[in-house]
2 protein chains.
Amino acid sequence: MDLKTLSNHLGLSKTTVSRALNGYPDVSLATRTRVREAAERLGYRPNPVAQALQSGRAQAIGLVLPTGPGEFGDPFLLALLTGAGKELQADGLDLMVSAAAPGDDELAALDRMISKRRVDGVIVVRTRADDPRIHLLLDRDFPFVAQGRTREPRPYPFLDVDGVEAFERATTTLIELGHRRIALIGGEPHLAYATHRRQGYEAAMAAAGLRIDPDWRVEARQTREAGFEAAKTLIALRPRPTAILCNTDTQAVGCLAAIAEAGLTAGVDVSVIGHDDLPLASVTSPPLATMAQPLPELGARLGRMMLQRLAGKPASELQELWTAAYVPRASAGPAPPDDRTRRQPSQIR
Amino acid sequence: MDLKTLSNHLGLSKTTVSRALNGYPDVSLATRTRVREAAERLGYRPNPVAQALQSGRAQAIGLVLPTGPGEFGDPFLLALLTGAGKELQADGLDLMVSAAAPGDDELAALDRMISKRRVDGVIVVRTRADDPRIHLLLDRDFPFVAQGRTREPRPYPFLDVDGVEAFERATTTLIELGHRRIALIGGEPHLAYATHRRQGYEAAMAAAGLRIDPDWRVEARQTREAGFEAAKTLIALRPRPTAILCNTDTQAVGCLAAIAEAGLTAGVDVSVIGHDDLPLASVTSPPLATMAQPLPELGARLGRMMLQRLAGKPASELQELWTAAYVPRASAGPAPPDDRTRRQPSQIR
DNA sequence: ATGTTGATCCAAACCGGTTTGGTCGGTACA
DNA sequence: TGTACCGACCAAACCGGTTTGGATCAACAT
């Protein structure tokens, strides 16, 4: 059922039928309703491809999924994607997804997507500190919104969860539990969020008047194994840190394993807090305390920001910073009674 | 840079340029190379929207993500999506994703997708025993491939992992470890794969000459909580089953929790095997033995099957059954020395 | 000299919509 | 009575490609 068939059927011109369906006032009300009823009855659906060709807009937005091993872990992305997809669908936009490993492939996939003109905008997820995708999109002046911030002087629309605030709060929580020797397994500095979280940790320690021993601040990749190794080093320190903050849950899981392997109990001897609230965080032993991001809502907001961007809202007005929620679980407990460290100095003297 | 501009630039007609680029033999070799070079040099890219309108093919395939809470767990879907996406991309097809909760929404999303004609085919994931999506697609004669089988007499293309074989093997593995009282936390019967897995369990037990106590076979929803409750019931039985097979890892995680709560040790007092090898399976305590599916390969194959389907390969030749891999982990150990059951009957007599 | 054939190239139609720039008849106003 | 204006409708152009059905011309055959 196409427009020509429908208009023949009604004894009207294509023009009039088209304009009737689109609610133009230069079609009489009577005709308008007659056309609409017929369209409804005959199940007429305008061909979006033809509309796209005419309007120059694809009625779709793109999303390149970084599919590298690990990093955030997949549940993160799918929740984001779902949230964004539903929001866009409500406005009649489809979601076009392309999967590529971070790096050249990813950039090529993005390039292909925008030069094919099959999408009107793209959503960039898991931004990195210095993100070539952001450069590409800004250079080409292609509409986009990013999940996360990068080092980029030009203003662009983003939605991020405040890593500084999150780790400030996580650190403060530990301090309130009586911890003083708090260590950090940070992420690699090329990840923007890793830098922010480290800053939050440092700020909270400073605010509480606590010194950070240089040994307490280590960097590790976003894998379980890296978390395991980093934690082993931290646990071996004397005096031993009583709490470890991990850049992500993935690292934290490795950290828990290292604690168990050392014959210690997480949440009792050493407290651990992660970030992301991955599904696995609730099944570790002990369950992992963590900072949670409202992923579906983040996705939905990203979708809506994309719509606003396409509607012409300036980038500078589309920058939001959300707050993570602390999810208390058994891995974060009160600081152990701290006799060892008090005695040690006197023994040395 | 559109075709008209390019042809003006070359002093040729649109027709000739188009045919040159598409390699038609009625353009002289000299012209053909000249056109191709110019196109390359000027960065000409045909507008896929215009091509789609003309050819009637959208050069995209669709995928409706069921986003209901739980069931398989998200990592499953994302891996599948990635695998399929890469395969399709290699053939120039894009992947259009729409997220909807299973049920009416999902069907509506699917309907919208195919009647909008923005996709040439769809991939159906997580099929259910009696799947309305399959009915819809077969009724409309719309090309699709399904991940999983359903009760449907008409032939259609599918790729499934053999649940019968998987649980037959899991059961046999437990029998070889010395287990005799093996229980099953099955899935709801409307899930096709749950039925298959139950059959595999029953077949292996029968083949080993072991009777299945009716109490050992329970059904539970695909959630951690349901697995927890079901396991509690099983653990309370006397004589107690020494092994529990769970329809999915999600249930198995709940099962492990119930075992721990009863003061028992999984893998020692009661062995547990799950299915899916979700990421969290390796961090439970003890780590969860499970049947793993090669998700990225499954996705890739689904993508290729879709291409073959569109190329006209008949449905009956596009039906594949793959085999899951057993991932041994500490939750499945040898059967405990079984003195209690031997004595109990003598006491009763 | 007149067809025939094959190699090249092209104008126009087409895909299915939307937009432009009208026409046509009737009413309002000078 | 002439004309300005308005409401309702429509033919044709357009979006950017591909396909159809020629046109042109040189070489070759009759």
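All of these numbers come straight from a predicted model, not from anything done at the bench. In what follows, chains are A, B, ... by sequence order, proteins preceding strands, each numbered from 1. Scope of the values below: all heavy atoms of this structure, side chains included, with no hydrogens, waters or symmetry mates.
Regarding L3(B), its CG atom lies at a distance of 9 Å from the C1' atom of dT18(D), rounded to whole Å. Rounded to a whole Å, the CG atom of N47(B) is 10 Å from the P atom of dT18(D). Counting to the nearest Å, the P atom of dG17(C) and the CD atom of Q54(B) are 15 Å from each other. With rounding to whole Å, R118(A) atom CZ is found 14 Å from dG17(D) atom P. dA7(C) atom P lies 14 Å from atom CZ of R19(B), rounded to whole Å. Counting to the nearest Å, the P atom of dG16(D) and the NZ atom of K116(A) are 18 Å from each other. For the pair L12(A) CG and dA11(D) P, the computed distance is 10 Å after rounding to whole Å. One can place CZ of R57(B) at 14 Å from P of dG16(C), the figure rounded to the nearest angstrom.
A donor-acceptor contact under 3.5 Å is formed by the side chain of K14(B) with the base of dG17(D). Not a single donor-acceptor contact under 3.5 angstrom links the side-chain atoms of K4(A) to the base of dG17(C).
What you find for I123(B) and A84(B) is that their closest heavy atoms are CD1-CB, 4.0 Å.
In this structure, the nucleotide among dT19(C), dC10(D), dT8(C) sitting nearest to the side chain of D26(B) is dT8(C). With dT18(D), dG17(D), dT18(C) as the choices, the nucleotide that has an atom nearest any side-chain atom of N22(B) turns out to be dT18(D).
Side chains of R118(B) and Q59(A): no donor on one and acceptor on the other come within 3.5 Å. Of the N and O atoms on the side chains of Y44(B) and T5(B), not one donor lies less than 3.5 Å from an acceptor on the other residue.
Residue T16(B) is the one, among Q51(A) and T16(B), whose nearest nucleotide of DNA chain C lies closer to the 5' end (criterion: closest heavy atom). Each of L53(B) and T15(A) has a nearest nucleotide on DNA chain D; the 5'-most of these lies closest to T15(A).
Within the 4.0 angstrom heavy-atom criterion, only backbone atoms of the sugar-phosphate kind lie near S28(B); the bases stay farther away. Residue contacts shown for T31(A) are limited to sugar-phosphate atoms, with no base heavy atom under 4.0 Å away.
Note on Y24(B): a side-chain N or O is less than 4.0 Å away from OP1 or OP2 of dT19(D).
At least one side-chain heavy atom of R304(A) sits under 4.5 Å from a side-chain heavy atom of R301(A).
When each of T150(B), T127(B), L137(B) is paired with Y156(B), the side chain to side chain contact (heavy atoms under 4.5 Å, CB included) condition holds for T150(B) and for no other.
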